[in-house]
Every structure is written in C-alpha cells, then in structure tokens.
Amino acid sequence: MTDREIPKTFDPADIESRWYAHWEESGAFRPDRPDAEPFTIVIPPPNVTGSLHMGHALDNTLQDVLIRYQRMRGRDALWVVGTDHAGIATQMVVERRLAADGVKRTDMMRAEFETKVWDWKEESGGTITTQLRRLGASCDWSNERFTMDDGLSKAVRKVFVDLYDKGLIYRDKRLVNWDPKFKTAISDLEVETREVNGRFWHMTYPLADGSGALSVATTRPETMLADMAVAVHPDDDRYRAMVGKMVKLPITGREIPIVTDEHADPELGSGAVKITPGHDFNDFDVGKRAGIVPADMLNMFDDEARIVQTSDGLIPNAYLGLSREDARKALVAELEETGALERVEDRTIQAPYGDRSGVVIEPWLTDQWYVDAETLAKPAMAAVRSGETKFVPATWEKTYFNWMENIQPWCISRQLWWGHQIPAWYDADGNVFVADDAEAAQRKAGEGAALTRDPDVLDTWFSSGLWPFSTLGWPDETAMLEKHYPTDVLVTGFDIIFFWVARMMMQGIEFTGKAPFHTVYCHGLVRAADGQKMSKSKGNTVDPLGIIDKYGADALRFTMTAMESQGRDIKLDERRIEGYRNFATKLWNAARFAQGYGIGASQTYAPPSATSAVNRWIIGETIRTAQALDGAIAEYRFDSFAGTAYHFAWDRFCDWYLELIKPVLQGEDEAAKEETKAVAGWVLDQILVMLHPVMPFITEELWHKMGPRPYDLIHAKWVAADAHHVEEDAAREVDWLIDLIGAIRSSRSELNVPAGAKLPLHVRDASAETAARLGRNTAMIERLARAEGISTAAAPEGGSAQIVLGEATYIIPLEGVIDLAAERARLTKNAEAAEKEIKSIEGRLGNPKFREKAKPEVVVETEEKLVERKAEAERLRAALTRLG
RNA sequence: GGGCGCGUAGCUCAGCGGUAGAGCACUGCCUUCACACGGCAGGGGUCCCAAGUUCGAACCUUGGCGCGCCCA
C-alpha cells in the first residue's frame with residue numbers, strides 16, 4: 001500500500017494524535033498573517049485543577065469551529081488559551097495532598113505553601129490543556145497564560161491600585177457570607193440557597209420591668225445569644241404600648257429594646273421578631289436603622305462558627321466553644337426547662353450553602369475589601385444597550401440587565417493563601433496604604449513606618465475579569481493588544497454570565513474604554529440522555545475522553561456542533577455520537593471510492609469547467625451549501641452548520657452524485673470521464689474544507705490522502721461562495737432526474753418487484769424537453785432505476801406499473817408479474833392524495849378575500865400548484881383506466 | 001414573590017404567518033463491484049388546551065394546564 005492509499009478501515013486514534021502533533025509543531029494554529037484582519041477569541045479559562053468534562057467539550061468545540069472557519073477565510077485567527085488559578089479549589093487540592101502525608105497547611109510558612117502549590121501546578125496542572133489537545137482545539141499554545149503568571153499578576157495589582165485610587169475599591173466592615181469550612185469570605189454568587197426541612201421555634205421574651213412578655217419566633221434559636229433588639233411593625237397595634245420598653249433575654253439576661261421596623265411582618269408568627277444584627281443580613285439593616293453601628297454589633301461566632309463570648313460577656317460559659325448545632329440543642333433544652341419555649345413547628349426554610357464547601361454559610365461581621373460594582377455596572381449595561389456588545393441568543397440580555405440593575409457591592413477579599421495577595425499595607429495604627437509593591441507603599445507611608453501586608457488574596461474572578469486584555473499584554477501597550485482587543489466572540493455557558501461575563505464587561509470597559517467582545521454566545525448545559533444534570537455524585541457523567549477513544553474526536557465534535565441550537569440544553573445520547581461516527585466512516589469510504597477511480601486532489605480553487613448537467617448541478621449545490629454555511633456561522637447557528645454540511649456530503653454527494661457518475665466513470669467517453677473526475681475531485685475537496693471546522697482530523701487526513709498538497713487543510717481557503725456558478729437549468733434537470741428515479745424506485749418497491757430485476761421503461765406523452773433529458777441521462781436512469789432500455793414506443797399490452805411525473809407517464813411492463821390489485825391501490829392512493837390537495841387549494845382560491853389580500857406571488861404560486869396537481873390527478877386516473 | 005424559558009413523529013430536536021421536517025428508533029426488501037458504521041423503499045404527528053387577530057396560525061395575542069431554570 002502506498003502512503004496515499006486510503007486504508008479500508010477508518011481508525012480515528014491514529015490519525016488524531018498524528019495530525020495534532022503536526023499542527024502544533026508546525027505552528028499551524030497561529031500562521032503569520034500580519035496584514036490579515038484579526039479574529040480573536042479568548043477561552044473561558046478552565047480551572048487549573050480541572051479535567052475535561054462534557055461542558056468543556058461543547059464550549060471548546062464551538063470556539064474551535066469558529067476559529068478554524070475564520071482561519072480558513074484568511075483572518076488572523078487567534079484563540080487565546082490558558083488556565084485559571086482557582087483559589088479555593090486549588091488550595092483544597094494541595095491541602096488534601098499534604099494531609100495525606102500528615103502535614104497541615106498551617107504547619108508551614110505561607111511562602112512554603114505557595115511553593116507546594118506551584119510544584120503541584122507544574123506536575124498536574126497541565127491535565128486539562130493536554131485534554132483540550134485531544135479534542136482538537138486549535139489554540140495558540142505559544143502564548144498560553146495562567147492567571148497567576150507575572151504579567152497577569154501585574155495587571156491585577158494595577159487594577160486594584162487604580163480602582164482604590166478612584167474610590168471604587170474600599171474596605172468596609174459589614175456582614176459577609178462566611179464559609180466556616182474554608183474560613184474565608186465568599187461572594188453572594190458563591191452561595192446557593194437550598195430548601196431544607198427546618199423548624200420554627202416560638203420563644204417567650206419577658207419584659208425587663210416585669211409587666212409582661214412577648215413571643216418571638218425564629219428558625220435559628222441559638223442566635224438569641226447575640227440578640228440586640230426585638231422589632232415590631234410600626235402599625236402593629238398589639239405592641240404599641242410595649243415599643244420603647246426593654247426585654248430581658250432568657251439565658252444571657254441581656255436587656256434589649258423593643259423597636260419598630262417595617263421589616264417585622266405582622267402576619268408572621270406573633271408579629272414580633274428578634275434582631276441579631278451581627279448574624280443575619282436583614283437584622284443587620286434593622287440594627288443600623290435602630291442606630292447600632294456595625295462596630296458595636298455583637299458577635300457570637302469564631303471563624304469556624306463555634307460560640308465565642310460576646311463583648312458584653314453575657315453568654316454562659318457552658319455554651320462557649322460549642323458548634324452551631326450543639327449550641328442549638330443545648331439552648332433549646334434550656335429554654336424548654338425554664339418554660340421559655342412555647343412551641344416548635346416544622347417548616348421548610350431556605351438555607352445558604354457554600355457552593356464549594358457544601359456547609360451552611362454564616363453571615364459574619366468582618367472587615368473585607370469591596371468593589372463598587374454599582375458604579376462599574378453602569379457603563380457595562382450601556383455597552384449592551386447600545387449594541388456594542390450583543391448576546392446571542394438575545395434573551396440573555398435580560399438576565400444580564402436584571403442582575404446588573406440589582407448589583408450589590410462585590411466582596412473581593414478571600415482568607416486564603418493561594419491567589420493574588422492584596423497590595424495593601426497597614427501601619428501600626430491601622431492606616432492602609434495601597435500600592436503596586438512594598439517599596440511604593442513604604443514611600444506613601446513615609447520612612448520608618450512599620451508596614452504589614454494584608455494577608456488576604458483576591459477573589460479568583462477578580463483576575464479572570466481581566467482575562468480578555470491581561471492575556472494580550474495589558475497594562476503594557478503591546479502589538480497583540482493593539483491588534484486583537486476588543487476580541488470578537490466570547491463563547492460560554494449562560495451559568496457564568498454573572499460570575500464572569502459581567503465582570504469582564506465592567507473591568508474591560510473601565511480599563512480599556514471598550515467592551516471586551518462584540519458578541520457573547522451563550523450555550524446551554526450538557527445533560528445526560530434522560531435530561532438529568534450530569535454530576536459526579538449521581539454517577540451519570542460521560543467522560544469526553546472515553547467518547548473520543550470509542551468514536552473519535554471528530555464524532556464528538558460533530559455531535560456537539562449538531563446539537564447546539566442557540567442555548568438550549570443538550571441531552572446527550574451516545575447513539576447520536578455513534579451516528580456521527582458513522583458519518584465520518586461514510587466520508588472515508590466516499591474518498592476511498594473516489595480514489596479508486598483515479599479522482600484526486602483538485603488542481604484549481606475555482607470550480608472546473610463542466611458541461612454535463614450532473615457536474616454543473618453538483619458544482620451549484622456546492623456553492624449553495626457554502627453560502628448556507630456562511631449564513632449559519634454569521635447567525636451562530638451551529639446546528640444548521642453541521643446539518644447542512646452533513647446533508648450535502650451524505651445525501652447530495654454520496655447518495656446522488658457519486659451514484660450518478662458511476663456510469664460515466666465506468667464508461668468509454670474519455671472526455672466526459674476527465675471532466676467528471678475533475679469535478680468530483682473539486683467537490684470532494686470542498687467537502688473536506690467545509691467539514692474541517694467541525695471534523696478537523698479526518699478531513700486533514702483525507703486531504704493529504706487524495707494527493708500532494710501545497711499546504712495543510714487547516715490553512716486551505718474556504719469555499720468561494722460565488723453565485724455565478726449556480727446554474728438553474730442544470731439544477732432543474734437533475735432535480736427531474738432524481739424525481740424520476742425516485743418515483744420508479746417507489747413503485748417497484750411497492751409492487752414488490754425483485755430488487756435486482758432489470759425491466760424496460762416506456763414513456764408516453766413526453767415533451768421534447770423530457771425526451772432530450774431522457775436521451776442525455778439514459779445510462780444513469782438505467783443504472784439507478786434498474787431499467788433496461790428506455791423507449792418512446794407504445795408499451796406492450798398487459799399489466800404494467802405506471803408512473804406519472806410532470807407531463808409524461810412512464811410505464812414498466814410487468815406482464816404476469818404484476819399484482820394488479822396492488823398497482824391499482826397504489827395509483828388510487830396517489831390520485832386521492834392529489835385530489836385532496838386540489839380540493840384544499842380550490843377552497844383557498846375560491847375565497848375572494850384570499851385573492852384580494854394575500855401577497856400576489858402567493859396567489860400565483862397557488863394557482864400554478866393547482867394546475868400541476870390537476871394534471872397529475874388526471875394522468876393518474878388515466879393510468880388507472882388503462883389498467884382496467 | 002419577581003424574572004426567563006420550554007411543551008411539534010416512539011425518543012432527541014429544527015421550523016416561528018402560506019397548510020409539517022431532520023437524526024435516531026421502527027417496518028419491508030437488498031451480502032448491487034466505496035461503505036451492512038451500508039443501500040433502497042416505507043409507516044408514523046387533533047404541532048399541550050381554549051379563545052382571539054388574520055384571506056390563512058405549529059408560528060402572532062390573551063388565558064389556562066404541565067415542566068424546567070435563575071433571582072429574592
């Protein structure tokens with residue numbers, strides 16, 4: 001076997017590894033095109049701890065389709081790639097590894113721990129980037145970035161310092177979402193609210209002056225240890241006399257005021273509500289309205305949510321050190337004993353959980369760094385309103401606006417060791433100096449001031465929000481930045497519009513003056529075949545690498561592309577992947593067939609000249625297909641892109657064109673043969689080009705198998721969609737040919753004519769044009785319709801199958817073989833179908849309002865259709881009469 | 001409670017004003033010289049329900065019913 005001969009079986013694994021290595025080594029992903037128009041995508045950076053899952057497979061396939069398409073169209077296509085340092089996730093992974101050796105993070109110095117993380121990153125941080133290569137992603141690996149590398153860290157420091165100087169970053173004492181497992185603050189977005197079965201405890205709070213008592217209810221009784229007030233609604237008459245009096249809390253004996261506040265819901269419980277400003281977001285606001293400043297708010301938890309003494313020292317020692325759960329038990333028991341517990345009811349409650357830790361989040365009063373998101377959100381919203389950035393599908397704009405309009409200050413400090421340490425230093429008096437580095441901070445603080453750096457790090461999303469420009473070199477004014485920013489499209493899941501897209505918009509506009517991309521394409525989630533969300537805990541995840549091993553990366557990519565219909569979730573059924581693997585095999589075999597007849601690499605970019613209808617038709621179909629593909633990409637209709645290419649390659653090219661040219665290839669007419677081989681070679685090349693963005697491996701392999709090439713397919717020119725080559729007369733002739741063959745095949749099949757039987761074909765009432773067409777296409781009709789001789793002479797007497805098509809009737813004598821009843825039934829069925837339609841069309845045309853108001857061309861079309869259908873019905877009835 | 005979205009063939013989904021399509025599954029025939037991971041032919045749908053707009057509605061409007069997601 002020569003090295004160009006296509007093997008009988010298609011083995012994706014061999015091809016994939018070979019071509020990916022070749023592309024990467026030859027720099028094919030980033031050809032030097034200094035003068036070309038840029039096309040730029042930044043990858044949503046996967047977590048450095050991660051491994052490839054189906055969501056990545058979808059997201060990156062779509063990006064690669066766009067990048068490869070634009071690269072073939074001659075653009076200077078750049079796909080910026082890299083990973084995200086994933087603060088909490090990475091710290092967890094490394095801590096777990098250390099724990100296996102019996103070492104705790106807190107046993108070592110911070111710098112030492114950071115070294116361990118970097119070591120881990122060197123060792124296993126590349127997992128996902130290796131896996132992206134297996135998918136075929138044509139990223140620019142030569143410029144691979146990491147959110148913690150020097151350049152990106154520099155960008156982070158600059159952004160922090162600048163925002164601080166502009167007053168858009170500030171330090172504040174307020175309640176945060178505290179994760180007691182990881183012992184860090186987290187942002188609102190990292191909290192998920194879950195419905196859980198809880199309880200509602202009703203307790204009696206006596207008045208301090210002994211004049212009575214009131215009842216309060218709570219889902220978290222243990223927080224009464226830090227209660228600072230009881231609130232009632234200002235309009236609630238029941239409590240009017242009590243407002244301003246003091247309550248003496250059970251257990252602590254703390255005396256707290258009864259205040260009025262709109263927050264108290266008269267309908268809920270007794271209408272009186274306990275206020276714990278240090279441990280509840282609503283109560284924090286009520287407390288502030290009641291005049292309690294945050295610094296005075298009582299705190300009863302340590303960083304692990306264990307009970308600590310409040311500043312007034314009133315919590316009994318027995319409670320100190322207890323967990324939230326144990327404290328609740330002990331407290332409820334004590335209340336019950338003293339008779340202060342009235343009743344307990346079951347209730348579904350909404351409880352906050354950390355999305356990574358899975359533990360209940362504690363609202364906790366701490367000093368943290370905040371971004372003034374409200375200010376940054378304004379231009380970010382304006383950019384979408386003005387159309388500078390548009391969402392596809394557009395419906396996500398509503399989600400974006402909805403969130404942006406109600407945006408809260410963004411807590412960006414995290415009590416972790418892994419991440420960008422906040423560039424802020426404090427002097428002995430607690431004054432803060434924000435600067436790019438220690439020296440600059442010292443200059444600000446003045447000589448001699450003893451400075452300590454803030455130990456906290458920044459939220460990972462703070463640095464990934466800079467990704468579209470920090471990866472291109474910002475804050476330096478690099479050529480890359482100049483040419484490739486703003487980027488073109490961001491392709492991502494709708495689930496991180498808030499986390500990431502919104503933040504890139506805010507930071508991008510603030511620091512570059514321009515929105516980071518003109519289009520945000522949001523896709524859905526990849527779900528299991530039954531529609532369930534894939535999750536490790538359910539055990540229903542599908543590993544993309546396993547799929548690639550089994551069916552090939554091209555099949556997986558094709559599936560992802562074909563199923564992506566603008567944001568709808570994808571229910572992934574493995575049979576679908578199998579189907580597209582079959583498509584790859586089909587393409588492989590079509591190329592083998594072509595090669596077997598001496599069809600090879602096309603010599604021209606433009607379509608070869610052609611005289612036969614079939615050749616001119618397939619050229620036109622190719623152009624039409626390319627136009628449809630261009631349209632699909634322009635509208636981000638990935639499903640339509642894949643479907644169009646699939647149907648062209650399989651239905652048009654394999655099932656019709658290759659079958660129609662077999663008689664020519666096997667025939668004697670050398671000129672016709674040469675023309676056909678040239679056209680077939682050209683069309684096959686265009687198919688490889690058109691499929692390359694979706695199926696890069698098999699197409700590149702076949703591209704080279706078909707003959708010597710001046711360049712790899714990855715750099716081939718996209719099909720020139722020049723409408724000049726679409727020839728209507730050839731299209732009409734071949735459409736007629738296909739209809740005729742189809743009609744003959746149908747009747748043969750319905751009449752149970754043995755598949756192999758070759759039967760003569762008689763034609764009556766043929767027009768001159770039909771006769772000419774029959775003459776030109778005899779060999780094809782004979783082969784594909786299993787005919788033997790086509791004659792305009794009258795058919796012999798006796799039973800026959802009759803096919804009505806256009807003005808002519810085609811007769812296949814089946815004397816002695818035909819089942820007359822079956823043929824009568826067939827013709828009757830067809831006649832009735834036509835008559836039913838005639839009736840419906842006549843109904844419409846008979847309505848004067850239709851003629852009056854419908855578009856004229858619709859009326860004309862309808863009239864033409866009526867004429868056709870009537871003629872068809874007449875001929876079918878005539879055929880029935882002849883049958884007797 | 002606020003917002004978004006979805007109900008079309010057995011399954012998964014396109015279509016979103018001119019009278020219903022695809023893939024898979026299903027049925028029959030074919031070991032036809034590229035391919036059985038194939039070829040040919042075929043069956044299958046009150047387009048969730050109701051009312052309205054329109055010459056005409058799966059498509060637009062309103063209201064139901066069912067399901068999902070996001071934010072409180």
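Protein chains get the first letters and strands the later ones, always in sequence-line order, with residue 1 at the start of each.
Residues forming a ring pair (Phe, Tyr, Trp, His ring centres under 6.0 Å) with A/His279 (at least two apart in sequence, or on another chain): A/Phe301. Scanning for ring pair (Phe, Tyr, Trp, His ring centres under 6.0 Å) contacts around A/Trp588 gives A/Phe10, with sequence neighbours left out. With sequence neighbours excluded, the residues that form a side chain to side chain contact (heavy atoms under 4.5 Å, CB included) with A/Arg289 are A/Asp261, A/His263, A/Asp285, A/Val286. Scored by the side chain to side chain donor-acceptor pair (under 3.5 Å) test, A/Tyr646 finds no partners at all (sequence neighbours excluded). Take A/Trp403 and apply the ring pair (Phe, Tyr, Trp, His ring centres under 6.0 Å) test, not counting sequence neighbours, and it matches A/Phe498. The ring pair (Phe, Tyr, Trp, His ring centres under 6.0 Å) check on A/His704 picks up A/Trp19, with sequence neighbours excluded.
Comparing the C1' positions of B/rG43 and B/rA58 gives a spacing of 23 Å, expressed to the nearest Å. One P atom belongs to B/rG3, the other to B/rG63, and the distance between them is 12 Å to the nearest Å. Between the P atoms of B/rG39 and B/rC24, the separation comes to 9 Å (whole Å). B/rG68 and B/rG18 have their P atoms separated by 33 Å, given to the nearest Å. When the P atom is used for both B/rU32 and B/rC48, the distance is 44 Å, rounded to whole Å. B/rA57 and B/rG42 are spaced 31 Å apart, taking the C1' atom of each and rounding to whole Å. Of the P atoms belonging to B/rC55 and B/rG45, the separation is 32 Å, rounded to the nearest Å. Taking atom P on both nucleotides, B/rU8 is separated from B/rA34 by 43 Å, rounded to a whole Å.
Here B/rC69 presents its C1' atom at 7 Å from CZ of A/Phe494, a figure rounded to the nearest Å. The CD1 atom of A/Ile407 sits 14 Å away from the P atom of B/rC71 (whole-angstrom rounding). For the pair A/Lys849 NZ and B/rU54 P, the interatomic distance rounds to 9 Å; values are reported in whole Å. Distance CG (A/Leu665) to P (B/rC33): 16 Å, rounded to an integer number of Å. What separates CD of A/Glu5 from P of B/rA34 is a distance of 15 Å, to the nearest Å. Rounding to whole angstrom units, CD of residue A/Glu857 and C1' of B/rG17 are separated by 14 Å. Look at CH2 on A/Trp403: it is 18 Å from C1' on B/rG2, rounded to the nearest Å.
Residue pairs meeting the salt bridge (Lys or Arg N to Asp or Glu O under 4.0 Å) criterion with at least one partner in residues 639-655 of chain A, sequence neighbours excluded, are A/Arg637-A/Asp639. Contacts classified as salt bridge (Lys or Arg N to Asp or Glu O under 4.0 Å) and involving residues 587-597 of chain A (residues at least two apart or in different chains) are not found.
By the 4.0 Å N-to-carboxylate-O rule, A/Glu405 lies close enough to A/Arg385 to be salt-bridged with it. Using a cutoff of 4.0 Å between basic side-chain nitrogens and carboxylate oxygens, A/Glu861 and A/Lys855 are not scored as salt-bridged.
Residue-level contact check: A/Lys853 touches the bases, meaning some heavy atom is under 4.0 Å from a base atom. Among the heavy atoms of the strands lying under 4.0 Å from A/Arg786 is at least one base atom, whether or not backbone atoms are also near. In this structure, A/Asp573 reaches neither bases nor backbone, as no heavy-atom distance under 4.0 Å exists between it and the strands shown. A/Lys758 comes within contact range of no nucleotide atom at all, as no heavy-atom separation falls under 4.0 Å.
Checking A/Glu864, A/Glu835, A/Glu832, A/Glu837 one by one against A/Arg869, the salt bridge (Lys or Arg N to Asp or Glu O under 4.0 Å) holds for a single residue, A/Glu837.
Of the residues near RNA chain B, A/Tyr580 and A/Ala755, the one whose nearest nucleotide (by heavy atom distance) lies more toward the 5' end is A/Tyr580. Between A/Leu658 and A/Met563, the residue anchored closer to the 5' end of RNA chain B is A/Met563, taking for each the nucleotide with the nearest heavy atom.
Pair check for B/rG1 finds B/rC71; Watson-Crick or G-U wobble, both atom distances under 3.5 Å. When both pairing distances are held under 3.5 Å, B/rG45 makes no Watson-Crick or G-U pair with any nucleotide shown. Across all strands shown, nothing is found opposite B/rG17 as a Watson-Crick or G-U wobble partner with both distances under 3.5 Å. The partner of B/rA25 is absent, by the rule that a Watson-Crick or G-U pair needs both atom distances under 3.5 Å. Remark: B/rU54 base-pairs with no nucleotide in the shown strands. Criterion, Watson-Crick or G-U wobble with two distances under 3.5 Å.
Considering only side-chain atoms of A/Phe498, the nucleotide from B/rA34, B/rG42, B/rC70 that sits closest is B/rC70. Distances from the side chain of A/Lys571 to the nucleotides B/rA34, B/rA25, B/rC13 place B/rC13 closest. Candidate nucleotides B/rG18, B/rC13, B/rC69 were compared by shortest atom distance to the side chain of A/Val858, and B/rG18 ranks first. With B/rG3, B/rU12, B/rG18 as the candidates, the nucleotide lying closest to the side chain of A/Asn402 is B/rG3.
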Please enumerate all protein N or O atoms sitting under 3.5 Å from an N or O of nucleotides 5-7 of chain B, with distances to 0.1 Å.
residue : atom : partner  : partner atom : Å
B/rG5   : OP1  : A/Lys398 : NZ           : 3.3
B/rC6   : O3'  : A/Arg568 : NH2          : 3.1
B/rG7   : OP1  : A/Arg568 : NH2          : 3.3

Hey, what are the protein-to-nucleotides 37-40 of chain B N/O distances that come in under 3.5 Å?
residue : atom : partner  : partner atom : Å
B/rC37  : O4'  : A/Asn582 : OD1          : 3.1
B/rC37  : O2   : A/Arg581 : NE           : 2.8
B/rC37  : O2   : A/Asn582 : OD1          : 3.3
B/rC37  : O2   : A/Thr585 : OG1          : 2.6
B/rG38  : OP1  : A/Asn582 : ND2          : 3.2
B/rG38  : O3'  : A/Lys586 : NZ           : 3.1
B/rG39  : OP1  : A/Lys586 : NZ           : 3.1
B/rG39  : OP1  : A/Trp650 : NE1          : 2.5

Interface polar pairs with nucleotides 19-22 of chain B, N/O, under 3.5 angstrom:
residue : atom : partner  : partner atom : Å
B/rU19  : O4   : A/Arg844 : NE           : 2.8

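The neighbour count for A/Glu659 CD, taken as heavy atoms of other residues, nucleotides or ligands under 6.0 Å away, is above 12. Within 6.0 Å of atom CD in A/Glu857, more than 12 heavy atoms from other residues, nucleotides or ligands are found, so the atom counts as buried in its surroundings. Under a cut-off of 6.0 angstrom, the local environment of NZ in A/Lys390 is sparse, with at most 12 non-hydrogen atoms contributed by other residues, nucleotides or ligands.
Note that CG of A/Asp569 and CG of A/Leu525 are 5.0 Å apart. Values are rounded to the nearest 0.5 Å.
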Quick one, A/Gln666 with A/Tyr597, criterion side chain to side chain donor-acceptor pair (under 3.5 Å). Give me CA distance, side-chain angles, the key distance, then yes/no.
CA-CA 9 Å; A/Gln666 292 162 4; A/Tyr597 279 95; 2.6 Å; yes

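Applying a 4.0 Å cut-off to non-hydrogen atoms, the residues of residues 628-639 of chain A that approach RNA chain B are A/Arg637, listed by residue number.
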